[in-house]
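Worth knowing before you read on, the calculation uses all heavy atoms, side chains too, and leaves out hydrogens, waters and symmetry mates. Every number for a ligand or one of its atoms is a count from 1 in the order of the listing.
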Amino acid sequence: MAVTRFAPSPTGYLHIGGLRTALYNYLWARKTDGEFRLRIEDTDTQRNNEDAMKAIINAFEWVGLDYDGKVEYQSQRMDIYKKYIKQLLDEGKAYYCYMSKEELDALREKQMANKETPRYDGRYRDFTGTPPEGVEPVVRIKAPLEGKITFVDGIKSMININCNEVDDFVIARSNGNPTYNFVVAIDDALMGMTDVIRGDDHLTNTAKQIIIYEALGFDIPKFFHVPMINNPQGKKLSKRDGAMDVMDYKKQGFLPEALLNFLVRLGWSNKDQEIFSMEEMLELFDPSNINKSASSYNQEKLLWLNAHYIKNVTNERLAKELEFFDCNISGHDKKEMILDLSKERAQTLVELKEAIEKITNRPESYDKKGVKKFIKENTAKFLDTYLKILEEKKDSLHLACDYEEVTRPFIEKFELKFPQLFQPIRISLTGGTQAPSVYDLMAILGYDEVNLRIRTALDKNFNKEAE
Ligand code: GLU
């Protein structure tokens, strides 16, 4: 039974790297019938903002990751942290440090000049004298002076961090506020985390947090440090590589299941399987199988997955999702056919909306390139004849096959090639040449609308004069 958490700092929107971390924690907790908690790390009041918190919670709602219990806010837990700082001071495991900013700067400069890594030199560690006047002290933890901090990472195996890389770091600032690594360790311990899955940019923090766990005698959770997501060029993923805010993916027309499927594979695999339903993720995911090396963001794959989910979710669901894009298809009497036809090629809901509107809306213009290529001198004449034939048979025209039955003999009789007839019809009906099967399209529109759209195109001469 794993107890896990997602612990974002609300300094901006939720990016996809964060969502991937959240997903891994979620899957592991749910798979093991454990608990998945959401904790907002908002102690850094200057950098936090309310909107960012809401954005994170909204993004969770959109993708359907539910968490247990209430959302915890670190800003509301200050008393708890302060109690533990006092305990460490009382036990001599932490101490006040009175170094001024100037002294710290001077020390850092000296160390840099000697090509040493800047670190606190421990000058107040065993201080027993009279503290200097006028300095509000910080509290520092007594970190081990030698040896190694060792832990077994669930992904990276044995991790050894040399103690000379970790100094007596500050656990409470001069205003009494606790610092990041301190509060994370306290919360993870008090909230009973058994497994912490997070980005491998936190490795050094983990070493510091282990020092806190040990000082307080808390059980240390199991850590899984997930490698980063890189861009296709192998560099750190940046905003320029694509939309990073989870909610941008919604705006761009991605289904949450496609995004989650994409993210689960971005750093974890199960043989060569690409499509994972939530049930399969829950059945198969194990953080021990997370890849050891960084993964590469691949927009094509995301589009491919999204197209897959668009084709496979119900039409009812699609209709519901399309409302977000101001596309209301639910009330249309041919909605099933329209959606069946339109979803075949759509990679996003935005493309799906466009495809639908090509059917439901009369064209306002005709694609110039298409007109130039397919509207020839004799086009008007045979379209006119074709419309007359349709009119004669109009009472028997209902299904796509009914239109086909009427159209085939016409093509043969006039010895037409398919594009000679179909492209002018497509252009008349939708304005472009990319529309789906003409017979399906005509069956959806019905004879009267087909007749009207083709007549209109002919009357306007496909806007050729407007050139
Ligand atoms: N609040 C940290 C962040 O947003 C994550 C802390 C953690 O997962 O331990 O990067």
Side-chain angles (χ1 to χ4, degrees), residues 2-29 34-60 65 67-68 71-78 81 149 151 153-156 159 161 166 169 171 177-213 216 218-229 236-239 244-246 263 267 287 290 294:
V3 181
T4 68
R5 82 316 193 255
F6 180 55
S9 307
T11 50
Y13 51 72
L14 178 62
H15 58 85
I16 51 152
L19 181 59
R20 182 184 66 161
T21 304
L23 174 65
Y24 288 174
N25 281 290
Y26 169 88
L27 291 174
W28 191 223
E35 258 181 49
F36 174 61
R37 310 291 306 270
L38 179 59
R39 183 173 76 226
I40 306 285
E41 308 215 308
D42 57 349
T43 49
D44 192 352
T45 39
Q46 296 190 334
R47 291 173 64 222
N48 291 324
N49 78 62
E50 188 92 6
D51 290 345
M53 277 184 231
K54 285 198 193 121
I56 291 166
I57 291 172
N58 282 346
F60 259 54
L65 295 190
Y67 42 85
D68 297 301
V71 184
E72 297 283 359
Y73 293 89
Q74 287 187 327
S75 58
Q76 293 167 10
R77 298 167 55 81
M78 287 297 173
Y81 309 134
I149 297 158
F151 65 95
D153 184 89
I155 301 168
K156 296 175 188 281
I159 302 282
I161 296 183
V166 185
F169 57 94
I171 57 172
N177 282 344
T179 56
Y180 168 72
N181 280 307
F182 186 73
V183 298
V184 170
I186 300 289
D187 283 345
D188 283 341
L190 296 186
M191 293 174 189
M193 294 306 145
T194 59
D195 298 74
V196 171
I197 307 174
R198 63 184 170 201
D200 64 4
D201 49 337
H202 283 285
L203 265 179
T204 336
N205 288 334
T206 301
K208 291 182 173 175
Q209 290 166 22
I210 287 176
I211 294 173
I212 309 284
Y213 282 101
L216 289 166
F218 289 148
D219 287 342
I220 300 177
K222 196 157 184 354
F223 292 102
F224 298 85
H225 287 93
V226 185
M228 298 281 104
I229 304 173
K236 193 168 181 262
L237 192 65
S238 76
K239 269 193 194 176
M244 295 292 105
D245 177 353
V246 166
L263 290 177
I290 290 172

Ligand 1-proximal atoms of Phe223, by part, heavy-atom distance under 4.0 Å = neither
ask   = Where do Phe36 and Tyr26 land on the ring-ring contact (aromatic ring centres under 6.0 Å, His included) test, with the steps shown first?
value = CA-CA 6 Å; Phe36 174 61; Tyr26 169 88; 5.7 Å; yes
Parallel, tilted or perpendicular: ring planes of Phe218 versus Tyr213, cut at 30 and 60 degrees = perpendicular
remark   = One finds that the ligand 1 atoms under 4.0 Å from a non-hydrogen atom of Ser9 are 1 (N), 2 (C), 3 (C), 4 (O)
ask   = Which residue supplies the protein heavy atom nearest to atom 5 (C) of ligand 1, what is that atom called, and how far is it?
value = Ala7 O, 3.3 Å
message = For Phe224 and Tyr24, I'd like to know if the aromatic rings sit close, meaning centre-to-centre distance below 6.0 Å.
response = no
ask   = Charged N to carboxylate O under 4.0 angstrom, Arg5 versus Asp187?
value = no
task = Give yes if a backbone or side-chain nitrogen or oxygen of Glu41 is under 3.5 Å from a nitrogen or oxygen of ligand 1, and no if not.
result = yes
key: Protein contact of atom 10 (O) of ligand 1 - nearest heavy atom, named by residue and atom, plus distance   = His202 NE2, 3.2 Å
query = Where's the contact between Arg5 and ligand 1, heavy-atom distance under 4.0 Å: side chain, backbone, both or neither?
reply = side chain
key: Per-atom contacts, ligand 1 versus Arg198 - under 4.0 Å to a heavy atom   = 7 (C), 8 (O), 9 (O)
query = Which residue supplies the protein heavy atom nearest to atom 6 (C) of ligand 1, what is that atom called, and how far is it?
reply = Tyr180 OH, 2.9 Å
task = Scan Val196, Val226, Ile197, Leu27 and name whichever one has a side chain to side chain contact (heavy atoms under 4.5 Å, CB included) with Pro287.
result = Ile197
inquiry  = I'd like to know whether the aromatic ring centres of Tyr81 and Phe182 sit less than 6.0 Å apart in this structure.
reply    = no
